Amino acid sequence: MHRRITTTIVIAAALLLSSACSGGDTGAGSGANTFEFWSFTGINQKADVERYTKAHPETNIKLTEVGSTSETAQALTAALAGGKVPDLVLIQGDDLPKFMQAPDNFLDLATLGADKRQGDYLPWVMSQSTAKDGKIVGIPTDVGGLAIAYRTDLFQAAGLPTGRDEVSKLWPTWDAFIETGKRYVQASGGKQFLDNAPTSVYFQAINQGTERYYTNADRTLSYDRNPQVKDAFDLALKAIEANITAKQGSFSAGWTAAMGKGDFAVVAAPSWMLGSIRTNAPGTAGKWDVAAIPGGAGNWGGSYLAIPKRAKHPQAAWKYITETQSPAGQLDHFLLTGALPTTPAVYTDPRLVSRTDPFFSDAPIGKIYTESVTKLKPFYIGLEDGPIGTEFLNVLTSVEQGKLPPDKAWGTAMTNVKNAVKG
């Protein structure tokens with residue numbers, strides 16, 4: 001998942017000093033079946049831990065939800081530099097490349113049998129956590145797939161189609177999506193169409209390209225000359241200038257409140273986002289549906305479970321990985337949460353293919369998301385992908401909030417990205 005970058009000095013320091021702050025500790029005690037697990041917030045990892053420990057009552061997992069994805073990565077960086085490391089850590093996909101620069105900081109999971117399991121996962125996902133010498137740093141937990149969640153009641157009130165097939169036909173392209181937004185705003189008397197443009201337009205469009213911030217061929221930085229980046233950036237500016245957004249930053253308190261109140265009708269929804277909508281707007285059950293993303297394919301999100309080399313209980317952590325991230329384990333997780341498996345063997349399983357979600361008007365989420373992720377063309381994710389993406393999003397947010405003129409946006413983004421990369 002993608003989260004905003006915030007300062008994490010206090011969080012990291014607290015984690016390094018003690019694990020006593022573990023908010024998800026399932027019980028007292030220590031030993032071979034006890035291990036410490038760091039996760040980021042927003043994905044209800046506590047529920048997964050509780051399910052596992054219910055099946056394995058002899059196991060005690062001390063879960064700490066550190067903060068955002070970037071905060072978790074920063075805390076892990078500090079710990080790897082000499083502090084106390086967890087036994088297991090969840091790393092968001094865009095943060096993984098920085099840790100792949102020093103794979104020796106992590107246990108080579110091939111030594112525990114991961115080499116025999118590699119074929120269980122999408123090759124392009126598994127390749128990101130495999131070092132040049134073959135060391136396996138992490139096991140993938142999920143991929144996002146791309147789709148659009150929309151409020152059927154609000155669409156109906158605005159005179160727009162409500163059936164997912166008809167809605168998908170409204171926006172075969174992002175330009176058509178923006179035009180639909182204009183229709184909605186006009187027909188609804190000025191109500192906003194979209195939560196925000198930086199995340200729900202730019203970040204989706206940039207994740208649909210054949211390349212992002214690096215070239216695939218020689219893996220050199222290309223954000224400043226890749227036309228796909230500029231096109232995605234310009235689409236977001238176009239959405240902002242069309243005044244179709246509620247200007248609510250993704251995952252903010254305002255965003256959560258606005259979702260429940262119906263202050264926007266549409267949100268970009270990778271598979272894991274469905275859980276966020278359920279959690280943040282429980283009173284809207286049955287009022288949502290899921291349509292295709294403009295362009296039809298793409299991916300946002302995905303994470304990896306890794307074991308730091310200095311972990312005290314690697315075997316217990318590995319047992320957790322092997323059970324929860326097996327094809328069967330990932331399928332069970334999808335059936336419970338909607339997070340799309342990285343294990344293609346289950347993509348034809350009737351339980352996934354026929355899966356519908358009553359919260360989202362019985363949308364066939366298994367079919368929608370597997371089609372989205374299997375149609376994409378994977379691109380190389382490099383060391384600076386996370387910081388670069390953050391700078392682009394920050395600049396677009398400044399424009400959306402009226403703090404930066406649109407004609408200054410691209411130049412400002414180029415300056416900020418170059419400074420971030422140098423740093």
Side-chain angles (χ1 to χ4, degrees), residues 1-3 39-48 51 69 90 92-93 141-155 162-165 167-168 194-196 199-200 203-204 207 248 250-252 255-262 264-294 296-303 330-343 346-347 349 351-374 376:
M1 281 189 271
H2 179 85
R3 293 288 188 272
S39 173
F40 41 81
T41 57
I43 57 169
N44 196 19
Q45 193 65 49
K46 185 176 180 180
D48 291 343
R51 282 195 296 273
T69 56
L90 189 67
Q92 194 264 345
T141 63
D142 66 294
V143 287
L146 294 182
I148 296 289
Y150 64 97
R151 286 280 297 268
T152 56
D153 57 333
L154 300 180
F155 269 43
T162 58
R164 67 185 67 94
D165 292 338
V167 170
S168 297
L194 185 64
D195 57 344
N196 67 79
T199 300
S200 282
F203 203 69
Q204 309 311 301
N207 283 334
Q248 296 292 347
S250 299
F251 316 112
S252 67
W255 179 81
T256 298
M259 182 182 292
K261 293 187 297 181
F264 53 83
V266 166
V267 61
S271 59
W272 51 263
M273 182 68 81
L274 302 186
S276 295
I277 295 173
R278 289 190 208 95
T279 300
N280 294 327
T284 62
K287 297 179 179 180
W288 294 89
D289 207 328
V290 182
I293 193 88
N299 181 63
W300 172 20
S303 302
Q330 291 202 5
L331 177 58
D332 287 343
H333 186 69
F334 167 79
L335 296 175
L336 287 167
T337 70
L340 189 66
T342 62
T343 51
V346 304
Y347 288 176
D349 190 294
R351 290 173 294 171
L352 185 145
V353 175
S354 64
R355 182 68 170 181
T356 60
D357 193 319
F359 193 102
F360 295 90
S361 304
D362 289 322
I365 59 172
K367 182 174 183 291
I368 290 170
Y369 286 109
T370 52
E371 285 183 356
S372 176
V373 79
T374 54
L376 69 83

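From a predicted model like this one, the values you see are computed outputs, not experimental measurements.
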Who pairs with D349 by salt bridge (charged side-chain N to carboxylate O under 4.0 Å, His left out), at least two apart in sequence or on another chain?
-> R351
Where V373 and G145 come nearest, the two heavy atoms and their spacing | CB-CA, 4.3 Å
Listed partners of A291 passing side-chain contact (heavy atoms from CB on, under 4.5 Å), at least two apart | Y150, V167, S168, W171
Rounded to the nearest 0.5 Å, what separation is found between the OG1 atom of T284 and the CD1 atom of I277?
-> 7.5 Å
Mark yes or no for whether T342, through its side chain, and V143, through its backbone, hold a donor-acceptor pair below 3.5 Å.
-> no
Of all the heavy-atom pairs spanning T279 and P282, show the shortest one and how long it is.
-> O-CD, 3.5 Å
For D195 and S250, the nearest pair of non-hydrogen atoms, with its separation, is OD2-OG, 4.0 Å
By side-chain contact (heavy atoms from CB on, under 4.5 Å), which residues pair with R278, not counting sequence neighbours?
-> L274, D357, F359, F360
Tell me, please, which residues at least two apart from R151 pass salt bridge (charged side-chain N to carboxylate O under 4.0 Å, His left out).
-> D153
Search all heavy atoms of Q45 against all heavy atoms of L90 and return the closest pair with its distance.
-> OE1-CD2, 3.8 Å
Residue pairs meeting side chain to side chain donor-acceptor pair (under 3.5 Å), one or both in residues 360-370, sequence neighbours left out, come to K367-E371
Are any non-hydrogen side-chain atoms of M259 and Q248 less than 4.5 angstrom apart?
-> no
Heavy-atom closest pair, residues S271 and G338 | CB-O, 3.1 Å
Rounded to the nearest 0.5 Å, what's the gap from CG on L352 to CG on L340? Could you check?
-> 6.5 Å
Hey, what do you get for OG (S303) to CH2 (W272), rounding to the nearest 0.5 Å?
-> 9.0 Å
Trace of the side chain to side chain contact (heavy atoms under 4.5 Å, CB included) decision for W288 with V267 | CA-CA 10 Å; W288 294 89; V267 61; 4.0 Å; yes
Does the side chain of V266 come within less than 4.5 Å of F155's, by heavy atoms?
-> yes
Name all residues meeting the salt bridge (charged side-chain N to carboxylate O under 4.0 Å, His left out) criterion together with D142; count only those two or more places apart in sequence or in a different chain, and write none if there are none.
-> none
Quick one: do the T162 and D289 side chains pair a donor with an acceptor below 3.5 Å?
-> no
Can you find a pair of side-chain heavy atoms, one from T343 and one from L331, that are under 4.5 Å apart?
-> no
Nearest non-hydrogen partners of L194 and S200, listed with the distance = CD1-CB, 3.6 Å
Donor-acceptor pair, Y347 side chain versus P341 backbone, under 3.5 Å?
-> yes
Taking the side chain as every heavy atom from C-beta outward, state whether P364 and R164 have any atom pair closer than 4.5 Å.
-> yes
